[in-house]
Number of protein chains: 2
Amino acid sequence: MDEIDDAGIMTSRTPPLVTAPQKRLKRSDALAARIRDLISQNGLSPGDRIPQKWLEDEENRASKGTVREAMKSLETQGLIKSRTGPGGGAFVTALSGDQAIGLLNNLFLFNKPDIGDIFALRKLLEPELVLSLAGKLDEKGIATLQATIRLYDNEPQTAQDAFQQTIAELDFHAVLASLAGNQILGFVCVFLQSLLRDLTDINADPEQPFAAVAEAGLPYQVRLVRLLKAGDGAAAQALMRRHLEDSERFLLGHASIRGRARIRT
Amino acid sequence: MDEIDDAGIMTSRTPPLVTAPQKRLKRSDALAARIRDLISQNGLSPGDRIPQKWLEDEENRASKGTVREAMKSLETQGLIKSRTGPGGGAFVTALSGDQAIGLLNNLFLFNKPDIGDIFALRKLLEPELVLSLAGKLDEKGIATLQATIRLYDNEPQTAQDAFQQTIAELDFHAVLASLAGNQILGFVCVFLQSLLRDLTDINADPEQPFAAVAEAGLPYQVRLVRLLKAGDGAAAQALMRRHLEDSERFLLGHASIRGRARIRT
DNA sequence: AGATATTTGTTCGTATGTATT
DNA sequence: TAATACATACGAACAAATATC
C-alpha cells in the first residue's frame, strides 16, 4: 500500500486517521466485537435473537463466564438485552437516545464543561430548531409542548428558586428538540441540555441575592408556542435567541461554577 | 415531597421527567452503579485505583464472576481500565472522545442518519468553528493542520475516487475541530464527521460517472489555513461554508444512500 | 536475565432464579 | 402444579501477564 518516493517521503494512500492502538484484545472484548460485526453483517434488527451458534464458535471457543462478559459489554453498549426463561436469550436492541446521553455524560465526569461553551452551541442550534418547527407542528406536537409548560405563580425569590426554574425549563426545550424533523439536531440539543442539567449539584447557591430576569408579559414558553403555531418562524427564532441569552446571563452571573478539573494526560 | 390536594389531584414538585423504570437491577448492574457513584462521591480522578474494599462489600457481597461483569460494564463505559500484575487492579480513566464516539455510533446502527441532516448541522457549526479559530492558532496548531493536508496530484476520475477523497478530507476537518477552544463544539463536529464516515461502506458506488466539483486554484484546505493564519475570520468562514455546500451537493448527488431502517417500537 | 510474587484473565462444575408451557 | 429452558450467580481452580528483586 504505502510507498517511499525518491525524496524519502512516505506517501500513504490511507493516511493515519486516529492512531489505532490494536493491542491484543481480551477474549471477551474480541468476542463482543465479533458479535457486533455479525449483527450488522447479517442484518439483524432490534427484536431479533442472537443465535446460540455465535456464542459457541468452534475456532475461538470461550467459556460461559467469558461469553457472559462479552454480552455484558454489548448490553452496556445498548446493543442487546437478555431475557430469562424459555424462549429467552440475548436479543438485539436499538440504543436509545436517553441511554446514549447517559454514556456521554461520563465524558465530562472529570472535565466539567464550560457553561459558556454549552450556550455557544445552544444559541447556534436551538434558534435554528424552532425556525424549522414553525408552522410545521401538528396538533399532537402542539399539545405535547403545551403539556410541558410549567407556570410559576410566584416570582422566584432567591437565586436558588430561579436556578431551579431555569433547570426545570430544560424539559420544555427537550420536548421541543424531540419534535425536530432532523433527529441528529434533536439529539445534540438534548445532549447539551443534559450537560447543563448535570451542573445542578455543583451550582446550587441558595443564598445569593437574585435580580429577576425581565420577562415582559406572558412567560416565554407560551409566547413561543403561539409563534410556532402561527408559523412565524423569524419571531420564534428571535424569541428563542433572546431567551437563551437571558438564561446564560443568569447562570453565569448567579451560579458558582467550579473550575474545570484538569485531566492528567 | 408530593402532596394530594382536596380535589384528589397529586401535585408534585418534581414533575415526571423521563419516567424512571427502576426494575430490580441485576447484581452486576447494581454493583457497577454503586462503584460509579463511589468514584464521583469520593472524588477519584483518572489514574486512581479502585479500592478492593468496594468490590468486597460485606452487606451485598457478590462472587468473583459477578464482580467481573460489573467491572466489564464500567470498562465499556470507559470509566476504568484494569491492569494485571503486582500493583495492578482497576484504575479510573477518563472516557476519551474517540471512545465516546464509538459508543454513539451504535445509536444509528439501525437508523441510518440522513446526509442532509448531518450537513444541516455541519453547515451551522463548522463555519462558526473556523471563525473562532481565525488568528488564534499558534505555530503548533498551524503545523498540525498543515501536516494533515493531502494533495491529490491526479484529478479524481470516477465518482468513487472523488468519494474517497471527500471522506479522506474529513481528517482535516477533525484536526480543525480538535483545535477548537470550545471542547464541546469540537466534540460535536467530530461526531458529525464520524457519522458521515460510517456511511462509506454503504455509499460506495464505483462506476457512476463523475462531474468534478469546481474548486478554483489551490485546494481549499491550503486556502483555509492561509486565511486562518492571516486572521481573516469572515473569509475563512465563507470558504468553509462554500466547501460544505459543495461536499453536500456531491454526496447527495453521487452517493446511493440506503433508506433508513425503521426501528420497531 | 531469571525467579518469584501479585493480580487479572479464563475455565469448569454446580446451583438458583425466572418465565413459558 | 410440574416440567422445561434459559439466564443468573457462586466457588474453586488454573493460566497468563507484569512488576520487583
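Throughout, a chain's letter reflects where its sequence line sits, starting with A, and its residues are numbered from 1.
- If you take CG on B/Leu44 and CD1 on B/Ile35, they are separated by 11.0 Å, rounding to the nearest 0.5 Å.
- The footprint of chain B on DNA chain C, defined by a heavy-atom cutoff below 4.0 Å, extends from C/dA5 to C/dT18.
- Nearest-nucleotide assignment on DNA chain D puts the 5′-proximal partner with A/Pro86, out of A/Pro86 and A/Ser82.
- A donor-acceptor pair shorter than 3.5 Å can be found between the side chains of A/Ser73 and A/Gln77.
- Taken from CG in B/Leu251 to CD1 in B/Ile167, the straight-line distance is 6.5 Å, to the nearest 0.5 Å.
- Across all strands, B/Gln52 comes closer than 4.0 Å only to sugar-phosphate atoms, never to a base (heavy-atom distances).
- In this structure, the side chain of A/Arg27 engages the main chain of A/Arg61 through a donor-acceptor pair within 3.5 Å.
- Summarising the geometry, the separation between CD1 on A/Ile80 and C1' on D/dA7 is reported as 11 Å, rounded to the nearest angstrom.
- A distance of 9.0 Å separates CZ in A/Arg197 from CD1 in A/Ile101, rounded to the nearest 0.5 Å.
- The aromatic rings of B/Phe108 and B/Phe191 sit tilted, their planes meeting at an angle between 30° and 60°.
- Remark: B/Asp29 CG to B/Thr66 OG1 distance equals 10.5 Å, nearest 0.5 Å.
- Checked by atom type and distance alone, the side chain of A/Asp114 pairs as donor or acceptor with a backbone atom of A/Gly116 at under 3.5 Å.
- For the pair B/Phe91 CZ and D/dT18 P, the computed distance is 13 Å after rounding to whole Å.
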**Message:** Base contacts versus sugar-phosphate-only contacts with protein, heavy atoms under 4.0 Å: please encode nucleotides 9-16 of chain D as B, S and - from 5' to 3'.
**Reply:** SBS-B---

